[in-house]
Amino acid sequence: MDAKIETDRQTRFPMSMELAKGANADILCLQEIEGGSQETALKKYLEKACGRIPGYDSYLLTPLNPNRKGDTVGLCVAWRSSRHNMISADCFRRGMVLQFEEIESGATFCIGNVHLPARPSAIEGRLKTLSTAIKKTESCEPIRKVSPLDGLVLITGDFNCDHNSVSAELLKTGSTRHGTIRDRNYKAKISKNTAFRMRHKYIFKDIYDETIREAAAPITVSLTGRGPGCMDHMFFALHDQYQTNINPTTSTDLRMGRRKARRLKASQRMAAANQEQILPIVVDSVLATVQPDQKDRLQTIIDGLPNVQEGFPSDHIPIGALFVPDDTFKAGNHSCFDGISDKDKHHNKNGVSANARKRRQSYTKSLVIRRRHDAILHAVAGWLTTRGAKEIIRDQPLYKWKWMEGVQRLKGKQRAPDLCCVIGVSLIIIEITVGGKPEVMRREKIKKYKDLRKVLADAPMIKEANLSVLETFAIVIDGEGNFPDATFQDLNRLAKLSSTDLNKSSEIDAKLFRNRLHKLLIEANGSGDLQS
C-alpha cells in the first residue's frame with residue numbers, strides 16, 4: 001500500500017496538478033488533496049508555472065475534518081495574489097467557504113468548496129454538509145457594489161451525487177422535502193425541523209444547464225469497475241437574489257390565518273424557483289469534460305479512470321466556468337445589487353402610516369449597521385487566518401464552544417462573542433462594534449466578557465491544550481471609520497501575537513491593517529450601501 005501511495009505522489013499527483021492548472025482558472029478548487037508532510041510538495045506544484053500559464057502563489061488547505069487530529073487529506077483553494085485578495089475564510093467538516101476581492105474591479109464574491117459524503121445512502125449527510133456551506137455563504141455579503149460580479153456566490157466540488165439529486169434540488173429551489181425522500185434507490189427520513197433549518201434564500205443555477213449538459217458534461221467521474229457518472233458540479237447565485245423574488249408576508253396574509261399564510265408563502269417560493277431569473281452576470285463559457293466527436297477519448301473515459309497512459313491521472317475530470325457581466329442587463333430591472341437606500345427611494349408611501357414608515361426606517365438602519373459590522377468581522381477573520389490563526393469560532397453562543405466542555409455553572413451561556421481563535425499558545429476573544437460612542441461601547445464590550453478569562457483558564461479543554469487566555473480584544477470604530485487609541489493598541493497586540501516576520505514591526509502591520517479597515521468603511525459609505 002505504501003508503494004502505491006508513493007507511486008501516486010510521484011506520478012498521478014503532479015499530472016493532476018498540471019491538468020488542473022492547464023485551464024488557467026483565476027480560482028482553483030481542489031478536493032482529496034493530501035496535506036500534512038506533503039504540504040510542501042503541494043505548495044511547490046501550485047507555484048510552478050504550466051508552460052506560459054503562471055502558477056498560484058496563494059492557497060488555503062484544510063483537512064476534510066478539521067477537528068480530527070492527524071487527518072491530512074482535505075480540500076484546497078488556490079489563487080494568484082496579483083489578481084485576488086482573500087477577505088475571509090471559514091473551514092468546517094467536508095467544506096470551506098472563502099470570500100475574495102478582485103483587485104482590478106474591487107468586486108467581492110464568495111466560493112464554497114465541498115466534498116460531500118460518498119456513501120450512496122448518506123442522503124441526509126450530503127444535505128446537511130451542503131446546507132452548512134450555503135448558510136456560511138449568507139454571511140459573506142458584498143462589501144461594495146461596484147461591479148455586476150459583486151455578490152456572486154459559487155458552490156462547487158465533489159457532490160457524490162448527480163445533478164438531479166435531492167442535494168441539487170436543495171440548491172435550485174432553496175428547500176428540501178421532509179418525510180421519506182429517495183435518491184438513487186436509497187431512502188432517508190428527513191424531519192420537518194431538519195428540512196426547515198436547511199431552507200435558504202438563494203435560487204442557484206447549474207453552470208451546465210439542461211441545454212448543454214448532455215453535450216458538454218454528461219460525465220465528470222469514471223471509476224474503474226463502477227462505470228461513468230456525473231458527480232462534480234458548480235452552481236451559482238447572487239447574494240440578494242432571493243429578496244427580489246419572494247413577497248414578504250403582509251398584514252392581509254396574517255388576517256387570513258397562519259396556516260393559509262404559510263401555504264401562500266410556500267407557493268410564492270416555488271413560483272420564484274421555477275421562474276426565469278434575471279441576473280447581471282452570465283456564464284460565458286464552460287469547461288467541457290467530454291467531446292462526443294472524439295470517440296476514442298470518450299471510450300477511454302467510459303472504460304474507467306484513472307488512466308495515466310492516456311492522460312487521465314485522476315478518476316475525476318475538471319469542470320469550470322467563465323463568469324462575465326451581462327451587457328444586456330438593465331439597471332431598471334430588479335437588480336440584486338441595488339442598495340437598501342435605493343429600494344427605499346422607489347417605495348410608495350401612499351397609504352402607509354407614519355409608524356410603519358418609522359419601523360421600516362429603523363429596520364433599514366439596523367440592517368446597514370449589521371452589514372458594516374459583518375464587513376469588518378470578515379476582514380479581521382481573514383487577516384488573522386492568513387497569519388496562522390486556528391480553531392476559529394465566529395458568532396457562536398458560549399455553550400456551543402468546545403472549550404467550554406466540562407465547565408460548570410457558566411453564567412450567560414447565550415453570549416456569543418464575534419470571534420474566537422487560537423494564535424500560537426494563546427486563546428483570543430474579539431468583539432467588534434461599528435458606530436455609536438467608541439469609548440462607551442468599548443467599556444461595555446470588555447465588561448460583558450470580563451468573567452470569561454477566569455472561567456476559561458480553569459476549563460479542562462484549555463488546560464489539556466496548554467493554552468493561555470488573554471483579555472478580550474475590543475475593536476471599536478466610529479461611523480466615520482476612525483479608530484480610538486485603545487482600538488489601535490489592540491490591533492497592535494494582535495499583530496504582535498500573530499507576526500510571521502520577526503524583522504517586521506508589528507506596529508507597521510497594525511497601521512497597514514487599520515488603514516485597510518478605514519478604506520473599507522469609507523468606500524462602502526461612498527457607494528451609498530452602508531450609509532446610516
A.B. asks: Would you tell me whether S82 and R80 have side-chain atoms, one donor and one acceptor, within less than 3.5 Å of each other?
C.D. replies: no

A.B. asks: Check the pair L287, Y208 against side-chain contact (heavy atoms from CB on, under 4.5 Å), reporting the backbone distance first and the verdict last.
C.D. replies: CA-CA 9 Å; L287 196 62; Y208 300 102; 4.2 Å; yes

A.B. asks: Distance only, no hydrogens: is a donor on one side chain within 3.5 Å (strictly under) of an acceptor on the other, for S81 and D57?
C.D. replies: yes

A.B. asks: Under the side-chain contact (heavy atoms from CB on, under 4.5 Å) criterion, do D326 and V282 qualify, and how do the steps go?
C.D. replies: CA-CA 6 Å; D326 185 0; V282 293; 3.7 Å; yes

A.B. asks: Could you tell me the separation between the CE atom of M86 and the OG1 atom of T385, rounded to the nearest 0.5 Å?
C.D. replies: 5.5 Å

A.B. asks: Just wondering, more than 12 heavy atoms not from R182 lying within 6.0 Å of its CZ?
C.D. replies: no

A.B. asks: For the CD atom on E104, are there more than 12 heavy atoms of other groups (residues, nucleotides or ligands in this structure) within a distance under 6.0 Å?
C.D. replies: no

A.B. asks: Looking at every heavy atom in both T289 and R297, which two are closest together, and how far apart are they?
C.D. replies: O-NH1, 3.0 Å

A.B. asks: How close do S175 and T173 get, counting heavy atoms only, and between which atoms?
C.D. replies: O-OG1, 3.0 Å

A.B. asks: Please say whether more than 12 non-hydrogen atoms of neighbouring residues, nucleotides or ligands are located less than 6.0 Å from NZ in K48.
C.D. replies: no

A.B. asks: Working note: F92 + T62, criterion side-chain contact (heavy atoms from CB on, under 4.5 Å); need CA distance, chi angles, decisive distance, verdict.
C.D. replies: CA-CA 8 Å; F92 53 97; T62 180; over 6 Å; no

A.B. asks: If you measure from OG on S88 to CD on E101, what distance do you get to the nearest 0.5 Å?
C.D. replies: 11.5 Å

A.B. asks: Say whether, by atom type as modelled, one donor and one acceptor occur between the side chain of R387 and the main chain of A495 under 3.5 angstrom.
C.D. replies: yes

A.B. asks: For the aromatic rings, using the six-membered ring if either is Trp, is the centroid distance between F109 and H84 under 6.0 Å?
C.D. replies: yes

A.B. asks: Indicate yes or no for a side-chain donor-acceptor contact from T129 to the backbone of R126 under 3.5 Å, with no hydrogens or angles considered.
C.D. replies: no

A.B. asks: Give, for atom CG of L152 and atom OG1 of T137, the distance between the pair rounded to the nearest 0.5 Å.
C.D. replies: 11.0 Å

A.B. asks: If you define the side chain from C-beta out and look only at heavy atoms, does anything of S139 sit under 4.5 Å from V97?
C.D. replies: no

A.B. asks: Out of the candidates R394, H373, Q396, only one should pair with D418 under the side chain to side chain donor-acceptor pair (under 3.5 Å) rule; please name it.
C.D. replies: H373

A.B. asks: Which heavy atom in E141 sits nearest to a heavy atom in H378, and how many Å separate them?
C.D. replies: N-NE2, 4.5 Å

A.B. asks: Do you know which of T156, N113, D158, D232 makes side chain to side chain donor-acceptor pair (under 3.5 Å) with Q31?
C.D. replies: N113

A.B. asks: Looking at every non-hydrogen atom in both residues, tell me the closest pair between E102 and L149 and how far apart they are.
C.D. replies: OE1-CD1, 4.2 Å

A.B. asks: I'd like to know if the side chain of T224 and the backbone of L305 have a donor-acceptor N/O pair within less than 3.5 Å.
C.D. replies: yes

A.B. asks: Does a side-chain heavy-atom distance below 4.5 Å link F159 with V114?
C.D. replies: yes

A.B. asks: Give the intermediate values and the outcome of side-chain contact (heavy atoms from CB on, under 4.5 Å) for residues F100 and V77.
C.D. replies: CA-CA 11 Å; F100 288 98; V77 173; 3.9 Å; yes

A.B. asks: Just verifying a value: how many Å separate S16 OG and L30 CG, rounded to the nearest 0.5 Å?
C.D. replies: 9.5 Å

A.B. asks: Any heavy-atom pair between the side chains of L127 and I181 that's under 4.5 Å?
C.D. replies: yes

A.B. asks: Using atom types as modelled and distance alone, determine if a side-chain donor or acceptor of T220 lies under 3.5 Å from a backbone N or O of M231.
C.D. replies: yes

A.B. asks: Do I430 and I432 touch side chain to side chain, with heavy atoms closer than 4.5 Å?
C.D. replies: yes

A.B. asks: Please identify which of these residues, Y56, F13, Y59, meets the ring pair (Phe, Tyr, Trp, His ring centres under 6.0 Å) condition with Y45.
C.D. replies: F13

A.B. asks: Return the CE to CG distance between M234 and L171, rounded to the nearest 0.5 Å.
C.D. replies: 12.5 Å

A.B. asks: Would you indicate whether the side-chain heavy atoms of D206 and R213 approach each other to under 4.5 Å?
C.D. replies: yes

A.B. asks: Compare every heavy atom of K21 with every heavy atom of I53, then report the nearest pair and how far apart it is.
C.D. replies: CG2-O, 3.8 Å

A.B. asks: Atom SG in C76, atom CG in L42: separation rounded to 0.5 Å?
C.D. replies: 5.0 Å

A.B. asks: Can you check whether I155's main-chain N or O pairs, donor with acceptor, with H233's side chain at less than 3.5 Å?
C.D. replies: no

A.B. asks: Provide the closest heavy-atom pair for R197 versus K135 in the form atom of the first, atom of the second, distance.
C.D. replies: O-CE, 3.1 Å

A.B. asks: Between H316 and V221, is any pair of side-chain heavy atoms under 4.5 Å apart?
C.D. replies: yes

A.B. asks: If you define the side chain from C-beta out and look only at heavy atoms, does anything of I190 sit under 4.5 Å from V166?
C.D. replies: no

A.B. asks: Does the side chain of H178 come within less than 4.5 Å of F196's, by heavy atoms?
C.D. replies: no

